[in-house]
K.L.:
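Please read through the structure below; I'll follow up with questions.
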Amino acid sequence: MGRQLTQVAPGVWTATAEIWTSLTTLVVADDGACLIVDPGITVAEVESLAAEIHARGWRVEAAFATHPHWDHVLWSAQLGDVPRFATPAAVTAQARSRDADLSKADATAPGHDRDLFGRLTALPDDAVAVPWSGPRALVVDHRAHAPGHAALVLPDSGVLVAGDMLSDVEIPLLDVDAADPAGDYRDGLHRLEAAVTRHALTTVIPGHGHVGGPRELARRFVVDRVYLGALRAGLDAADPRLADPWLGEAHEQQLRAVSPD
Ligand SMILES: [Zn+2]
């Protein structure tokens, strides 16, 4: 089964996995060098991504994991032996949760090479961009959703690769183990919006869901802040994304973790 690559901006392509509408982003330089963000999810999908890259005469130079969750740190030998960058905090978190994450991967997307799973390289401590030869990929790190979460800003194409933020299908999912999950999330949204403004970004690629243009990008900040505000007030949000049962459950858990009692 082939994965269709879709060009969403100059030199920026996405592939959609079957589970959770997961999006992989490919940044392709003029010479065919590729930066892969969050390759996923099944073995067949990751392998077919590698096949498409090879068929187009491109070559993988580096990868980036937006955060340490299992579905963002997958890999195939067919993608080659290249650095797979993440923030230092994400690398530390992934090492800590590796065994549990491998179990989750085995349960949902069995057959991945365990040796290659989660083998991330920490970015230099104050790196502002992913070190690679292609178009600039600026790192916007924060602590919303997961430790060491980072979005990538592609200023040359006006794209925000948001990781597990700004989704049209998922409510804001907080890192409920953090000391201040809602505060971290508010700060993360603030950092993303500042980057959108500074670089005049017009396209958002979420980790799960659908690519959006400028109006949709603005709308997602609004609805995510409305959700977060309701959560902090201990209110049930009237958010259509909660129709999905697993997100309804996540919402109940977040209400317990965040709300004043
Ligand atoms: Zn995640």
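It should be emphasised that the depicted structure is a prediction, and the values quoted were computed from it without experimental measurement. In each ligand, atom 1 is the first atom listed, and ligand 1 is the first ligand listed.
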K.L.:
Please check if the number of heavy atoms outside R241 that lie under 6.0 Å from its CZ is greater than 12.
P.N.:
yes
K.L.:
Between H190 and H142, is the ring centre distance below 6.0 Å?
P.N.:
no
K.L.:
Below the 2.8 Å mark, what number of protein N, O or S atoms do you get around the Zn ion (ligand 1)?
P.N.:
4
K.L.:
Among the clusters formed by ILVMFWY side chains lying less than 4.5 Å apart, do L138 and M165 turn up in the same one?
P.N.:
yes
K.L.:
For V73 and Q94, which heavy atoms make the closest approach, and how far apart are they?
P.N.:
CG2-NE2, 4.0 Å
K.L.:
Assess the pair H208 and H72: is the distance between their ring centroids shorter than 6.0 Å?
P.N.:
yes
K.L.:
Under the side-chain hydrogen bond (donor to acceptor under 3.5 Å, both in side chains) rule, what do Y227 and Q254 come out as? Steps first, then yes or no, please.
P.N.:
CA-CA 11 Å; Y227 174 82; Q254 295 188 152; 2.9 Å; yes
